[in-house]
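The block underneath contains the structure these notes are about, expressed in structure tokens.
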Amino acid sequence: MQKNTRQETYKIVKACPPKRQGELNFSINLGVFTCSECEKEFEKPWLLKRHSKVHHISNQMATNTVLDEPEQAELIVKNTIPDANAFDYSSDEDDSSSIGDEEDNIVDEENDIVNNFFDIEMNSNPVFNVFSDMFSSAAAADEVSMTDDDSEIPEEVFETIGTVNNPTSCYPFRDLQTMILFTFIDGDNDMISQQMLKKILLAMNLIIKIQQETPIGRTFKKKSKIPIFPSQRISVPGSNGNAFAHINLLSNHLRFLMANPKKSKLISSMPNCTPNQSICLEQDVWFGNIVYLKTNNCSIRFLIESFHMANKNIFARGYLVRAISIVCYGIEVAVTNLRVEQISHVDTTPVERDHYYSISSSLTRLIHPMKKPMPLSVLPGNVDCNAVFYKVRIVSIILFTDDTSGNRSKQYNLLESWLMRCAALPFKDRNSIANIQFLSTIPKKDGANGMSLLPAIVDDFEKLEKGVKMFSVEDNEYVLVVAPILWIEADMPCHSELCGLLGPATTFPCIRCYIELRRAKVFVKDLSYFCECHERRTQEHYVLANSSPGRDTEIPNALKIGMNTPANKISFRDRLTGRLLELQSFDPEKDTPVEILHTILLDVAKYMVIDLVKVVLKNDTVTIARLSEFLTDYTRSTGLSRKFTRNLRHSGSFLGRDFKVLLQILPVILITEFTGNHELDLVIPCFVELGRLCSLVFVRQVTSDFDNYIIRVDNALHKAYCTKPKVHYLTHLKEDIIRFGPALNYETEKGEQLNKHIHKHLFHMNCQTTSRDVCLKFAKQVALQHKSGTGIERFIKDNNEFLFYYTFFGGSRELKDNNDTGDIEDDAIKNNSFGTFVFKDNSISHPRIGLVSGSVVKFLSIVPHTDNDRNNNYAKAVMTGEHSDVANMNLVCKLDLHIFCNSFYIVNLSKFGSYWFIFNNILFDE
């Protein structure tokens with residue numbers, strides 16, 4: 001073998017400064033290392049480190065060990081009392097990281113747990129200290145005793161831990177507790193996140209506390225009955241025969257919810273019929289209501305059973321209610337159909353027992369006992385007089401379906417899942433992870449997909465539409481729960497599949513009308529073609545198309561009045577989704593609302609941003625650099641809770657949350673800083689109009705003047721954003737807002753965010769029985785969340801109830817709200833932030849724009865609004881010199897006035913919610 005005679009060369013390498021005291025970085029150092037104890041010299045630092053640990057560890061221990069063993073033990077016991085609040089459980093910093101992940105060599109200085117065993121001072125890590133102190137205190141506590149042989153924490157465990165008092169026997173660890181903790185974290189390749197470590201820490205604190213407070217000699221039941229959510233195994237059709245899946249039925253979810261003291265009242269709240277506003281989903285006339293009619297006869301009212309459409313008109317089907325006397329009313333057995341325009345308002349007077357009868361030409365029977373709304377199945381007059389009648393609770397259901405993936409690339413192992421929410425919950429609660437119920441997931445293979453689960457879902461809904469008897473903790477008795485579908489949330493391709501259509505890439509893609517959209521260049525239409533009304537796809541058309549397997553049924557008046565067209569020629573196709581048409585509460589045309597995440601953000605906005613960056617400014621690097629500088633500067637704005645930190649060159653990979661931030665700041669930047677740029681003259685008006693539209697639709701509620709809000713939304717929808725065919729879908733958004741309220745109510749972002757939790761569960765499974773494993777996992781979560789018992793509730797309240805729910809029931813993994821709608825939180829008032837304020841002692845006073853500056857609010861006033869300001873979607877404000885103490889003011893709405901131009905503060909009306917608030921509360925002249 002030839003000897004390597006190459007001389008090794010050395011050069012100076014600049015090393016980063018150490019992150020903590022005593023830490024050495026890799027660098028070439030030809031110096032000499034001297035031991036501070038014996039002054040022996042070493043060429044390598046690791047030789048000095050080994051020498052110190054082997055020859056001088058006894059001196060270090062002698063220096064640290066001053067007290068005698070009894071005194072030292074007493075001091076250790078005194079200073080190692082477990083404290084559940086010693087560590088910040090609620091901190092979500094670095095929660096997603098896995099301890100022991102060697103791919104990332106950069107560790108957080110505050111939360112670092114995985115450090116070199118020999119280079120770190122043990123006291124530098126808070127999690128380690130509290131974890132170690134807990135073991136020490138449990139070992140030293142004399143009052144801890146175990147009497148149950150089957151206990152999960154045997155007494156000998158504590159005895160074993162407590163026997164270790166000699167540090168020299170645990171070299172190189174400080175003690176056995178240290179060894180156990182490091183073995184737990186780094187003993188093998190099993191990963192554990194810091195969030196899971198926090199949960200373990202809190203759980204051990206609570207278990208030790210319970211053990212210490214348990215009386216000696218007390219016996220426990222060995223076989224406790226733990227509630228189990230009844231997941232069901234169903235058969236689904238596939239290309240290779242029937243496959244099997246598991247599902248958590250809606251009716252079972254409702255049984256648990258109705259028996260939950262905290263949620264029973266919320267999920268079945270009564271309709272709110274306050275006129276000219278939309279602040280919740282209950283603002284509608286539902287079936288089961290008794291309503292007044294627009295007639296001169298005040299003695300006639302109407303009991304609504306259902307709604308339907310015929311000849312493009314909406315009808316209410318129900319029963320006439322006649323006043324027989326002052327305290328006696330009769331309900332006709334015969335069914336009556338009325339136009340909804342004939343309904344005046346809901347009768348809100350309480351229904352007295354014993355006052356209502358069912359009447360017909362041959363029979364009159366007493367309906368007793370009863371409260372409005374009454375069970376519709378017992379209205380006919382031929383019912384048994386001995387029949388049992390129940391109160392009715394209407395629980396409207398929102399369904400969500402989407403696809404996800406079981407691997408990191410999200411390209412393979414595709415699955416489709418179904419979720420549900422209760423529509424009557426307040427907006428914030430409805431979008432909380434604790435109130436989104438998992439139904440099922442199924443792999444997309446062998447001909448099976450999410451639509452294969454529809455037969456089981458529809459069968460369950462058919463029972464719920466008729467009414468299912470359940471126990472209500474609010475009423476403290478059994479009630480009849482009626483649960484109709486309010487709407488189904490999904491993206492556009494999934495909506496097409498649910499309605500039995502070919503998809504959004506076909507000639508007739510719209511699920512609402514028969515507009516013809518072609519991608520060919522020869523297919524050029526005016527803007528009015530995409531925005532005008534076309535012949536509607538009615539529920540009757542869907543039923544007709546579903547009546548024949550080959551979809552060859554003639555659809556009358558589809559493309560033109562008096563013209564019949566085969567269903568398969570206008571995008572109808574054979575699917576399993578025809579079962580949805582069996583439900584009385586579901587209308588494919590009405591109950592599949594336009595979804596703004598995929599229609600506005602990921603379609604229109606994405607088209608325009610990509611066109612701006614990669615077409616209009618493709619070769620203009622100077623303008624791109626200037627625009628990026630202004631976007632970076634906007635990160636200092638206090639008016640937005642989220643910041644835009646992405647590179648414009650990567651616009652093709654932007655997510656919905658990125659477009660939400662960008663569309664709020666890009667229009668005002670373009671109009672104030674780039675006016676006069678000929679390359680952008682045609683693009684800027686499009687972004688301004690899109691910013692106005694987003695500011696209008698991204699609102700949680702409309703508290704007043706709802707009719708005017710609809711007019712403004714309709715005007716913003718009929719603008720020339722781009723020539724893409726999907727712009728047409730926006731024209732139907734107005735109908736959905738009138739029917740269901742603001743578009744944020746049916747945005748799919750929260751359902752999309754829950755996919756990451758399903759995605760995480762799939763990582764811990766072998767993907768052989770995916771549907772069963774994920775379904776059972778969520779079923780166990782549901783059973784735990786609906787726990788009962790006075791002892792359990794009392795224990796949780798006595799031990800930091802918020803911390804308990806936050807740590808164990810998903811509070812630390814709450815779904816993120818990326819909408820930034822300007823809604824006010826308790827801690828929203830921050831220094832140097834703008835907003836509209838009212839005086840606390842006069843809440844109905846006129847809102848005023850103000851700047852928080854220390855302990856005062858400096859007021860601004862809007863200058864007269866010009867046509868140019870109106871067209872550019874901003875307003876100008878100046879300081880008035882007036883101010884007031886911030887303690888005397890209430891913040892009503894957060895605003896964005898980051899740009900100061902030509903002695904004016906620019907009120908950015910593209911910020912979500914700002915346009916409608918400013919014009920409805922300040923600029924009344926508009």
Side-chain angles (χ1 to χ4, degrees), residues 306-315 337 339-340 451 454 487-488 490-520 522-595 599 717-718 724-736 738-739:
S306 62
F307 294 95
H308 65 278
M309 176 174 282
N311 298 324
K312 298 184 179 181
N313 294 316
I314 301 177
F315 290 86
N337 293 323
R339 292 272 297 271
V340 293
M451 302 302 118
L454 276 179
W487 68 70
I488 299 180
D491 54 21
M492 287 182 292
C494 191
H495 267 163
S496 298
E497 191 174 8
L498 284 170
C499 295
L501 302 181
L502 286 172
T506 58
T507 306
F508 299 94
C510 185
I511 61 178
R512 304 287 184 86
C513 65
Y514 291 105
I515 184 175
E516 182 180 1
L517 300 176
R518 297 181 182 272
R519 296 181 180 272
V522 295
F523 185 78
V524 179
K525 299 288 185 180
D526 295 333
L527 176 65
S528 59
Y529 177 81
F530 297 97
C531 300
E532 66 185 6
C533 296
H534 297 264
E535 296 298 323
R536 306 286 298 190
R537 287 187 194 262
T538 64
Q539 186 177 22
E540 287 76 9
H541 291 180
Y542 282 102
V543 174
L544 281 174
N546 192 56
S547 61
S548 60
R551 294 295 191 265
D552 52 2
T553 307
E554 297 285 335
I555 305 298
N557 304 323
L559 300 181
K560 294 181 180 180
I561 299 297
M563 176 181 176
N564 297 338
T565 309
N568 51 22
K569 298 297 184 181
I570 46 180
S571 297
F572 286 104
R573 64 169 298 175
D574 187 15
R575 291 189 184 273
L576 295 173
T577 55
R579 287 293 311 275
L580 283 172
L581 298 173
E582 300 175 11
L583 299 177
Q584 297 181 5
S585 59
F586 180 73
D587 185 344
E589 180 200 4
K590 300 293 185 181
D591 300 332
T592 51
V594 176
E595 205 284 305
T599 307
L717 289 172
H718 293 80
K724 295 292 184 179
K726 291 183 180 179
V727 176
H728 165 74
Y729 296 117
L730 292 177
T731 61
H732 299 295
L733 183 59
K734 171 187 172 182
E735 308 166 11
D736 296 325
I738 295 175
R739 183 175 176 86

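- For N568, the side chain to side chain contact (heavy atoms under 4.5 Å, CB included) partners two or more places apart in sequence, or in a different chain, are R551, D552, P566.
- Nearest heavy-atom pair across P593 and W487 is CD-CB, 3.7 Å.
- Across all non-hydrogen atoms, the minimal contact from I555 to A545 is CD1-N, 4.0 Å.
- I515 CD1 to R537 CZ: the interatomic distance, rounded to the nearest 0.5 Å, is 11.0 Å.
- Taking every heavy atom of both residues into account, C513 and H732 meet most closely at SG-NE2, 3.7 Å.
- Partners of T599 according to the side chain to side chain contact (heavy atoms under 4.5 Å, CB included) rule, which considers only residues two or more places apart in sequence or in another chain, are M492, V594, Y729, L730.
- Here the CZ-CG distance, from R536 to N557, works out to 15.0 Å after rounding to the nearest 0.5 Å.
- In terms of heavy atoms, R579 sits closest to E582 at NE-OE2, 2.9 Å.
- Partners of F586 under the ring-ring contact (aromatic ring centres under 6.0 Å, His included) rule, at least two apart in sequence or in another chain, do not exist in this structure.
- The side chain to side chain contact (heavy atoms under 4.5 Å, CB included) test applied to L454 returns W418, M451, L498, T577, L580, not counting sequence neighbours.
- Checked by atom type and distance alone, the side chain of H495 pairs as donor or acceptor with a backbone atom of I488 at under 3.5 Å.
- In terms of heavy atoms, E535 sits closest to L559 at CG-O, 3.7 Å.
- Here the OG atom belonging to S585 is positioned 15.5 Å from the NZ atom belonging to K590, to the nearest 0.5 angstrom.
- Counting only heavy atoms from C-beta outward, the side chains of T506 and L501 never approach each other to under 4.5 Å.
- Taking the centre of each ring, F508 and F572 stay at or above the 6.0 Å mark.
- Atoms CD1 and OG1, on I511 and T592 in that order, are 3.0 Å from each other to the nearest 0.5 Å.
- Taking NE2 of H728 as the start and CG of L517 as the end, the distance is 6.5 Å to the nearest 0.5 Å.
- The minimum heavy-atom distance linking P509 with S496 is given by the pair O-OG, 4.2 Å.
- Interatomic distance, I570 CD1 to T565 OG1, rounded to the nearest 0.5 Å: 5.5 Å.
- Judged as a side chain to side chain contact (heavy atoms under 4.5 Å, CB included), and not counting sequence neighbours, the contacts of N564 are E554, P556.
- For residues 499-513, the salt bridge (charged side-chain N to carboxylate O under 4.0 Å, His left out) pairs, not counting sequence neighbours, are R512-E735, R512-D736.
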Working for side-chain contact (heavy atoms from CB on, under 4.5 Å), residues R739 and D591: CA-CA 9 Å; R739 183 175 176 86; D591 300 332; 3.1 Å; yes
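- Between C494 and E595 there is no side-chain heavy-atom pair separated by less than 4.5 Å.
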